[in-house]
Chemist: 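Next up is a structure, given as structure tokens.
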Amino acid sequence: MTAAGWMRRFEPTRSRPFDLAARVHVLRRAVFAHPTSWLRATQNASPSEVAAWLVNGEAPDSRERRVLARRDAILALDDVDATAAWLWSRLLTAQHPLRARMMLFWHDHFATAISKVRSCAWMVEQFDVFERFGLGSFRDLLERVSSGPAMLRWLDAESNRRGNANENFARELFELFTLGRGNYSEEDVREAARAFTGWRILRGRGHFDERLHDHGPKRVLGRDDIERGHDVLNLICGSQQHARFIAERLLRTFVGPDHPEGAIDDLARVYRDADGRIDRTLEVLLASEVVHDPRARNTRVRSPAAFAIWILRTLGLEVAPVPLHRAVARMGQELLEPPDVSGWAGEEAWLSSATWLARVRFATDLGRAADPLFPTPPLGRCIRGHGPERELDALIDLLFPEATTMGERVNLLARAVGEVRGSRDVRLAGTFTSLVLLPRAHRF
Amino acid sequence: MRIEHARQRAMILAIMCGLGSATAVPCQTEAPQRVIACLESSGGVFALDAMADSILALLADIENFTPLFERRTEARLEFVRGLVASHARAPWRPLVESLLSRSVRLWIVERGPMRRTAVVLAADLDDDREADRHATTLKKLFRIETARRASTLVFDSDGYEDAASRPLPPRRTWSVDEAACVHFAIDFEGSRLGARLARRAAPGASTVGAALAFAGMPRAIVASRGIEGALMNDADGIRLRLVVADAWRNLDAASKRLFEASDRDSRRGPLQLLPGDVLAVRSSRNLGAFVADHSSYCLDGVRAAIQRGLSRLELLFRNQDLEKDVLPFLGSVFEARLRARESKKDQPHVGVLPAWSLSARVLHERLRYVFDSVLQIAAAIAREPRERQGRAVVRVEARVRDDIHRSRWVADVHHGLPVPIEFQFFPAYARTGEFVCFGNIVEDCVARVARSAGDHEQSETTAGKPRVTIDSLRFSGRVAAAALADARELIVLQLWLHRLPDEDAERVASAIEKLVARLGHIAIDVDHVGDDLEVVLCRMIER
């Protein structure tokens, strides 16, 4: 596989070591969190080994298996909050955190909202597709998502019939899912829509009905040999522009909005060489020069999901899923309900006065270990050490392990108005809240 | 039976709560005392038998429920238990058991216009040191509680010697239930308690449910002389009998019309649980009278809510005037049942919830056919939003077999998906003769109700006065616990989703099952006997 330019493997040097701070950075970018067990698992590993560890993940443990086993019960409840909450618990217990992260990534990419889909089962099925194919071939993922009932309902595929083509799906396929604006014509959209005619939902599944399909000749992106939807998908996924589109999307996510321009072509080449496989592309990207460039650190705004996952997984806190789902929704990221077909705006848009207040409330609720999130005080269980200074030290060690120099710690200590009075629970709550509300806790 | 106390061994503890200030008039003033409530227990086996397998066991089991409590509540319970144990120098449970096994007398005394209520407690104890120890523990507990409520507390035994020794006026129940181990009485007449309750009851019912359940009963109760009670226990369980003298006579005419059953309905035999029943409730309510007369015992907001409800319901009844054309022709006795049901192996249910049914008599033949269409219209109303939400569309399936007309909601489930929980509540309707039944266990319900209506019993009498039952409730803790076990996965899921970590959710679900099983067989009857109102509560041990 060609990994040149910005995609060349990061080789640590004395001036740019692959130290704790570098590992914490790559873990945050890839999977939002860095619990002690993950830092231990990647100790003494090279950048490539860390990338491989992330891509390979681990088998589900008993807690994750218990969550997965509740699938039928959740579907039987047929309740949006319960479904979203259960998906949250899947994200938080996944022993393959990168796979879970990619579920969120694809949920944003193929933004589908339950307010229109109106079926918890179909949304869960779409998440299952994200989980199963999200780190595999993009072509396979695209085909599964496109023919799933959630997407068929979301982009009105059911009304896309011979002689009365509905262009919604074809337009978003080009613009948001595969090529990007300016890389197709209106004629391409109309012709592709005809190629996708015939799909409908039958007994809760996507079903292709020959009788409703437009069998006439079609011309898409300059090619005449197009008959059905999968021909369009093959054509798009083989194109150079599509590779650039996916590369740009991955760079924006794992490097940041200000990634170097040349990195797009470098990553697009990797993606093509990997036959469109996301896992192989990410393995190169996460070990590459561009991700490890010190200038890339702390350039992204933590999304509400990233903020919640960072705290919960890093500290090992267990929260009730429904209140958690509602808290993250208040912060501006309601799972199963992206604002529109283009997903969440992200970055600075995450931080408005309203969503900031929601972050404060979330941190306060977690800190004070009270209803509605906690029946018992979890902070006290996961923080070692007694006494105001040791507790503050322990919290910093967990949340900001990269702050290893005295200067950095003093800086954090000065900013975090730690509680020195009250019981241990009260002290921990106060210190925790002031730490996670520091400006640097909202960037990664 | 009156209890003779060995005075030298009795511990008397007077507690005054909520004085205006710490410098208020001392207890020794000559302000008149008035005993507004009293309780006399012959002690012995009563307390242990009545409480051992329920309240005491629950207290012992409290740690299983702690995940449900707020931390402060849990801490307080632990503190109280610890305090009791440390002062008594004995584990808390034997201490409580020993206290309750003695003869106990308790008075609640109102004293003078400036003073609040005082509680006087007397118990027969074997030695003075033990009495002192218990008194100290109780005082401490009350002191802590008073401090928490920011009120003032005065302990004074001497000021209440008089109250403790004063004989109480003879009571009706005490002569009737001579074998009772506990007698108690609460006086409303002329007491501040009665006046306060009367003020609260005066405006009338504040919700539709309260209006239908109680109508003007609260007013009638507080206008009565008071409540008397007797608690009896034997090997089968305990029985609590409450008598509100003259409450039925004080009840307004509109409320009486609501509670009075028609002649045919009133002659039904006593309510019984059938095998598999978790709960059975039978109530006597004349809905026609309710709609016509409710304004005399409801607040204005409730009247508006009833009118809104009626206009919505009229849609289901083909726009017939419910007030004139439907309700007057309904029987006045309604029976509701909750039954445990077995899961069918071919259906991928994640939990089995109890089934329900509601049955009644329909007096007018034409109306029975109107009821036939209610389910059809409800299905038509539900269809559109369900279709819009992508949910399984419901249709009504009707058939007639063995003279029973039956129709039910059915919906197609997508192949391979678990059956949504809501399907377990989908209603059905059945009719035979003059009986109709709504619910999801209508198959045998309507036939059974029709059969039981034929089993007329001679009406019971007490002291020559006829006993007329207004409400009856039967509950089986054992069957309820089994039903909870069937729905365990769903209970754990709900606890986990909203409140608790996995292990705690499992623990709480088990504790709830255990607690419900301990409730045993419960029967509650609300009757009127002559001018009085009687409530009888039985808790039988299920074997």
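We name chains A, B, ... by the order of the sequence lines, and we start the count at 1 in each one.
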Chemist: Going by the rule side-chain hydrogen bond (donor to acceptor under 3.5 Å, both in side chains), which residues pair with Asp156(A) if we only count those two or more places apart in sequence or in a different chain?
Modeler: Lys116(A), Asn168(A)
Chemist: Hey, what do you get for CD (Glu506(B)) to CZ (Arg66(A)), rounding to the nearest 0.5 Å?
Modeler: 8.0 Å
Chemist: As an exercise, state the distance from CG of Leu497(B) to CG of Leu324(A), rounded to the nearest 0.5 Å.
Modeler: 11.5 Å
Chemist: For Glu489(B) and Ala73(A), which heavy atoms make the closest approach, and how far apart are they?
Modeler: OE2-CB, 3.8 Å
Chemist: Under a 4.5 Å heavy-atom cut-off, does chain B meet the side chain of Ile74(A), its backbone, both or neither?
Modeler: both
Chemist: Report which part of Leu490(B) has an atom under 4.5 Å of a heavy atom belonging to chain A: side chain, backbone, both, or neither.
Modeler: side chain
Chemist: Please identify each residue that fulfils side-chain hydrogen bond (donor to acceptor under 3.5 Å, both in side chains) with Glu58(A), with sequence neighbours left out.
Modeler: none
Chemist: Nearest heavy-atom pair of Pro321(A) and Trp496(B): which atoms, and what distance?
Modeler: CD-O, 3.1 Å
Chemist: Taking atom CG of Asp78(A) and atom CD1 of Ile421(B), what is their separation to the nearest 0.5 Å?
Modeler: 10.0 Å
Chemist: Given that the side chain runs from C-beta out, which part of Ala82(A) has a heavy atom under 4.5 Å from chain B: side chain, backbone, both or neither?
Modeler: both
Chemist: Only heavy atoms, only distances under 4.5 angstrom. Which residues in residues 125-132 of chain A are near chain B?
Modeler: none
Chemist: Could you grab the distance from atom CD of Glu503(B) to atom CZ of Arg63(A), nearest 0.5 Å is fine?
Modeler: 8.5 Å
Chemist: Count the heavy-atom pairs under 4.5 Å between each of Leu75(A), Asp81(A), Val67(A) and chain B, then report the option with the highest count.
Modeler: Leu75(A)
Chemist: Go through the structure and list residues passing ring pair (Phe, Tyr, Trp, His ring centres under 6.0 Å) with Phe208(A), not counting sequence neighbours.
Modeler: Trp199(A), His213(A)
Chemist: From Asp502(B) CG over to Arg70(A) CZ, what is the distance, rounded to the nearest 0.5 angstrom?
Modeler: 4.5 Å
